Amino acid sequence: MQREVGSLPLAPALRAKLVAAGFQTAQELLETGPCGLSKELGISKEEALEALQVVRQECPGDVARTAGGSGITRKCTALELLEEEQAQGSIITFCSALDSILGGGVQLTKITEICGAPGVGKTQLCMQLAVDVQIPECFGGVAGEAVFIDTEGSFMVDRVVDIATACVQHCQLIAEAHQEEDHLKALETFSLESILSHIYYFRCRDYIELLAQVYLLPDFLSEHSKVRLVVVDGIAFPFRHDFEDLSLRTRLLNGLAQQLIIIAHDHKSAVGDVVQITKSEGVNHTISHYISWLPRCAASSCHSKCRRY
Amino acid sequence: MAAKKLRRARLSQELCERLSRHQITTCQDFLCLSLLELMKVTGQSYYDVQKLLCRVSRACAPKMQTAYEMKLRKSVNSSSAFLSTTLHSLDKVLHGGVPCGSLTEITSPPGCGKTQFCIMVSVLATLPVSMGGLDGAVIYVDTESAFSAERLIEIAGNRFPTYFDSDEKLFCMTRSIHLYRELTCGSVLKRIMSLEEEIISKKVKLIIIDSVASVVRKEFDTKLQGNLAERSNFLARGASVLKYLAEEFSIPVILTNQITTSLSNGPAIQADLVSPADDLSLSEGASGSGKKESGCVTAALGNTWSHSVNTRLILQYHDLPTRQLLVAKSPVAPFSAFFYTIEKSGLVLQDGKDQTNLTWEGTNPALQTIRVRNTALKDTLPDAALPSATD
């Protein structure tokens with residue numbers, strides 16, 4: 001694959017020098033070697049070496065000259081994808097009607113959007129999901145942790161305590177009914193304190209803090225590899241006021257949505273974001289282009305324009 | 001946080017100077033640019049720019065806390081998590097009372113008791129902690145000039161006769177209620193922005209704004225183009241500052257709101273401009289089909305505002321003189337209704353009346369219909385002339 005020099009992620013000044021010196025493909029760069037490059041471009045040998053390392057990272061296929069190895073694009077057959085999708089769990093809510101509507105629960109590696117009128121229960125559902133993601137595997141859950149990004153300040157710890165206590169009691173009832181070894185063992189670690197300690201809460205006061213937090217999220221998720229759910233409660237709220245430049249707002253929201261998709265896929269977690277219902281649908285339209293599945297919650301009144309399959 | 005200068009984000013000096021040549025001085029400017037623009041402006045490679053982004057983000061991002069730490073912190077000072085309203089059934093349903101750290105809204109038709117409730121709660125906030133109060137000062141922003149100091153003393157004397165037995169105690173209480181009269185949107189917003197220092201210096205434990213709706217509806221006529229956006233802007237900005245104050249100092253913030261009539265097909269009409277004698281259901285709707293447009297009376301200021309407040313209490317008429325208090329939106333309480341009357345000592349709940357927990361039938365909670373006085377009166381006095389809606 002002969003990759004063009006102009007598409008390499010080098011510093012713009014260096015790129016300009018390469019193009020001016022007549023280099024056209026990455027292969028030519030690699031053939032010249034660092035000393036030759038430094039003489040031709042007038043840069044130091046260390047800089048030339050750095051540039052070559054970047055090129056090698058970008059185009060591993062050229063260097064190794066192997067036919068199969070593809071570092072960046074992943075390809076697989078639809079059958080492999082189907083098996084993968086069926087094998088990974090979903091976050092159950094212990095509410096059988098809701099779980100059956102969602103096809104087993106809230107799916108991992110996908111973004112789920114929850115929208116509704118004020119007061120209908122969006123934050124309640126998010127808090128419930130943050131507790132339910134931690135249900136041990138023997139009860140049907142995914143035994144993961146949760147990240148809760150709050151932009152509206154509606155996260156009430158007391159309510160989460162209520163939900164968590166009820167969830168633990170529910171699991172205890174199941175364990176008593178079935179009397180299996182692993183149920184009882186799982187219950188030892190599944191307690192109110194452990195549930196609360198595994199909900200990581202970030203309070204973002206404006207859209208800049210939200211953007212900053214989403215940029216830092218991949219690093220956070222690599223440190224806390226057990227996180228299986230990211231909830232953004234109120235993705236629309238910080239963008240709804242004080243924005244004269246609507247095109248900037250659209251661009252920032254698109255960027256956010258794309259980053260969340262990457263996070264959801266790479267870290268095999270579910271991302272739920274909550275959108276408010278309003279009469280003007282500008283914000284909702286932008287987000288819904290990237291949503292792959294919208295839950296049909298019986299309790300919420302979804303705006304018709306946001307439904308996507 | 002957004003206005004944090006890049007210098008303080010630990011970027012190198014020459015990089016900061018280079019960025020300031022392109023008018024990028026704060027974290028906000030930096031994070032709003034796309035990656036390509038950043039590469040052009042900083043002159044660095046893709047991976048280096050990503051590292052820079054992470055560094056700047058770390059300077060702006062909020063601190064992480066686990067839910068467990070939050071619970072521990074709350075349980076350490078559990079007494080100050082709520083302001084008890086001394087209406088026992090209401091406090092039980094709300095898990096303690098008006099919650100600290102979030103916005104509570106009281107909505108009602110005129111004359112139902114919003115200002116009475118606010119005055120009563122201001123007295124409660126000044127009481128010592130042993131009596132269920134917050135032992136602090138109160139900031140009362142009054143836009144309708146409805147606050148009456150005499151009523152304040154009457155409520156205090158009648159509700160807590162054993163505590164307020166001397167004039168000294170009454171004066172002490174009235175000295176800690178700071179009243180601000182603001183008559184325009186701009187001055188209300190300026191006042192809200194300046195509250196941070198006052199809260200610290202005067203040891204304020206409660207903020208009341210009575211009422212948000214009156215200034216907003218006076219100045220923003222939503223029929224004019226562009227006004228709706230400006231109004232939402234103003235409301236959202238006010239709400240976010242108030243939320244910040246409430247959370248930062250862990251104090252309750254109470255706001256009052258008015259009602260509006262939302263017709264099913266047309267825009268909302270300001271209810272106070274429509275005289276009670278008008279039967280809105282007979283007016284020709286936008287469809288013009290002659291079908292009866294059923295209008296319902298709901299809280300004013302629109303959906304954006306309904307999203308911003310965390311708890312909403314609705315006061316409405318039931319029959320003379322009983323009124324009803326509904327908990328329409330709350331993160332901890334189910335939908336419930338209570339009957340009350342207004343007496344010398346403020347609001348008094350009527351226990352023992354029909355307190356069946358009403359389950360509301362799945363309508364949009366933001367459009368919770370509110371009973372206005374004229375419909376109640378129409379039932380009881382069909383022949384008498386209707387009095388004016390504002391007493």
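Order of the sequence lines fixes the chain letters, A, B, ..., with proteins taken first and strands second; residue numbering starts at 1 for each chain. Note that this is a predicted model, so its numbers are computed, not measured. In what follows, every heavy atom counts, from backbone to side chain, and hydrogens, waters and symmetry copies are set aside.
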Between B/Gln28 and A/Tyr207, does any side-chain donor sit less than 3.5 Å from a side-chain acceptor? yes
[X] portion near chain B, given a 4.5 angstrom heavy-atom threshold:
| X | answer |
| --- | --- |
| A/Glu193 | both |
| A/Val160 | neither |
| A/Leu10 | backbone |
| A/Phe220 | side chain |

Highest number of heavy-atom pairs under 4.5 Å with chain A: which of B/Thr66, B/Leu53, B/Asn310, B/Val49? B/Thr66
Please identify, among B/Cys32, B/Cys54, B/Gly101, B/Pro99, the residue contributing the most non-hydrogen atom pairs under 4.5 Å to chain A. B/Cys32
Take atom CD of A/Glu4 as the centre, draw a 6.0 Å sphere, and report whether it contains more than 12 heavy atoms from other residues, nucleotides or ligands.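 No, CD of A/Glu4 has 12 or fewer neighbouring heavy atoms, counting only those of other groups under 6.0 Å.
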Taking atom [atom1] of [X] and atom [atom2] of [Y], what is their separation to the nearest 0.5 Å?
| X | Y | atom1 | atom2 | answer |
| --- | --- | --- | --- | --- |
| A/Tyr200 | B/Glu69 | OH | CD | 10.0 Å |
| A/Asn254 | B/Ser34 | CG | OG | 12.5 Å |
| A/Leu211 | B/Cys27 | CG | SG | 12.0 Å |
| B/Tyr68 | A/Ile199 | OH | CD1 | 13.0 Å |

Side chain proximity check, [X] to [Y], heavy atoms < 4.5 angstrom:
| X | Y | answer |
| --- | --- | --- |
| A/Gln213 | B/Pro62 | yes |
| B/Ser102 | A/Met156 | yes |
| B/Lys243 | A/Arg205 | no |
| B/Met64 | A/Leu216 | no |
| A/Arg203 | B/Met70 | no |

Measure distances from B/Gln44 to the heavy atoms of chain A and classify the residue's part below 4.5 Å as side chain, backbone, both or neither.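 When you check distances to chain A, only backbone atoms of B/Gln44 fall under 4.5 Å.
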Proximal component of B/Leu33, with respect to chain A [non-hydrogen, under 4.5 Å]: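 Looking at B/Leu33, just its backbone touches chain A.
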Got a donor-acceptor contact below 3.5 angstrom from the A/Glu152 side chain to the B/Ser308 backbone? no
Heavy-atom nearest pair, B/Tyr47 first then A/Gln57, reads CE1-OE1, 4.2 Å
Measure across B/Leu31 and A/Ile208 and return the closest heavy-atom pair with its distance rounded to 0.1 Å. CD1-CG2, 3.8 Å
Report the option among A/Val147, A/Val157, A/Leu248 that has the most heavy-atom pairs separated by less than 4.5 Å from atoms of chain B. A/Val157
